[in-house]
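Data block below; observations after.
Heavy-atom basis, side chains included; hydrogens, waters and symmetry copies ignored.
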Amino acid sequence: MTATISAPPVQDAAPRLRPVEVFTDEELSLLTYGPGAVVTPYLSGLATQDLETAQRTAYRGLVARGIVDPEADPGGGPVRLALREDILTLVTLRQAATTLVAVARTLVDAQDFWYAHVVDELVVLEEVTVDGLHRFALGFTRDLPALLVGAALHADATDGTGETVSIDAMPDDEAPALLLEVLGQAHLRADVVVISARDTTGTTATRPELIGVFSGPDGCWSVASTPGSGAVAAPETAEGLRLRIRDLAAQAVATA
């Protein structure tokens, strides 16, 4: 059985969320026009010749659950006939989002992915497990700062210690070697990035700033990486990191 991560309790007053549905990678591929920046762990590992079989099986599951009209054509691409009303709203909002907050979360024995699709006053939350299950909920944009803190910061985080370190170059998938021993004390690693559809130059997307958040009862640290300027790793107070994460959420709301 695959281990998954439950988001730490939100530090602020609990936001109001409306759980909607859980879809597999292959079910979602029938309902939407491509994953975009969202990962599809199971579907990405399928051989091309197995994709159609997986989608046809997924289609039967959608019909059985009353998600799509049983007369819909299960051919390639999204299902184009009537969807259940709440699912139609969900899919429409997800496709309409111009800003995405993405968080890759890692523990010692588990990993998952958390996304917030921002659309005006609403936010579509999407949690993806490593075996390709997408759990959706609807919330309000005003609650995004609290939601992002809850997703990216360990509930029992304490203040970090040590010196700030500048790194000339850092691979995307690992922390600076100099800090591995210290950062290894963190219980939760969350790589946070805000992606806006407006961040483009011609047809080439501008790479946004990626912030690695390391948090737990033994302290908090951040690793910030921007294109062309290397990375900076620094100890953080729990409250300072909480405010920084809330600022990222505010940035996402401002650019939506």
Side-chain angles (χ1 to χ4, degrees), residues 5-12 15 37 39 99-116 118 125 127 143-196 198-199 205-256:
I5 299 172
S6 297
V10 175
Q11 304 293 332
D12 307 72
V39 298
T99 300
L100 175 70
V101 182
V103 183
R105 304 187 292 194
T106 306
L107 291 177
V108 174
D109 59 352
Q111 182 180 30
D112 74 352
F113 306 87
W114 184 97
Y115 300 93
V118 185
L125 300 181
E127 293 187 60
D143 292 325
L144 184 57
L147 291 167
L148 186 56
V149 168
L153 190 66
H154 194 282
D156 298 321
T158 61
D159 297 348
T161 58
E163 300 295 328
T164 297
V165 178
S166 296
I167 309 297
D168 291 334
M170 181 182 72
D172 290 339
D173 59 350
E174 65 181 54
L178 184 61
L179 296 182
L180 281 179
E181 183 178 351
V182 175
L183 297 180
Q185 300 173 31
H187 288 208
L188 172 64
R189 170 180 176 170
D191 294 317
V192 186
V193 64
V194 176
I195 304 170
S196 173
R198 298 185 181 92
D199 290 339
T206 300
R207 182 182 174 189
E209 179 182 18
L210 175 67
I211 296 178
V213 177
F214 296 76
S215 63
D218 294 319
C220 291
W221 299 267
S222 67
V223 177
S225 174
T226 53
S229 59
V232 175
E236 303 273 3
T237 65
E239 182 59 24
L241 201 50
R242 187 174 292 113
L243 292 174
R244 188 171 182 182
I245 293 171
R246 292 180 69 91
D247 284 344
L248 283 174
Q251 172 190 335
V253 172
T255 58

Treating [X] as the side-chain partner and [Y] as the backbone partner, does any N or O pair qualify as donor plus acceptor under 3.5 Å?
X    : Y    : result
S222 : G212 : no
T164 : A234 : no
S196 : T99  : no
R105 : A151 : yes

Once rounded to the nearest 0.5 Å, what's the spacing between atom CZ of R246 and atom CG of L147?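 Reported value, rounded in 0.5 Å steps: 10.0 Å.
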
At what distance, to the nearest 0.5 angstrom, does CD of E127 lie from CZ of F113?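 Interatomic distance, E127 CD to F113 CZ, rounded to 0.5 Å: 12.5 Å.
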
side-chain contact (heavy atoms from CB on, under 4.5 Å) against [X], all qualifying residues, sequence neighbours excluded:
X    : answer
V193 : A102, I195, P208, L210
A249 : L144, P145, L148
D159 : T237, A238

Locate the shortest heavy-atom distance separating A116 from L125; write the atom from each residue and the value.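 A116 and L125 have their closest heavy atoms at CB-CD2, 3.8 Å.
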
Beyond-backbone contact of [X] with [Y], side-chain heavy atoms, under 4.5 angstrom:
X    : Y    : answer
R244 : I211 : yes
H154 : P217 : yes
S215 : L188 : yes

Quick check on side chain to side chain contact (heavy atoms under 4.5 Å, CB included): which of L248, V223, L153 does V213 satisfy it with?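 Result for side chain to side chain contact (heavy atoms under 4.5 Å, CB included) with V213: L153.
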
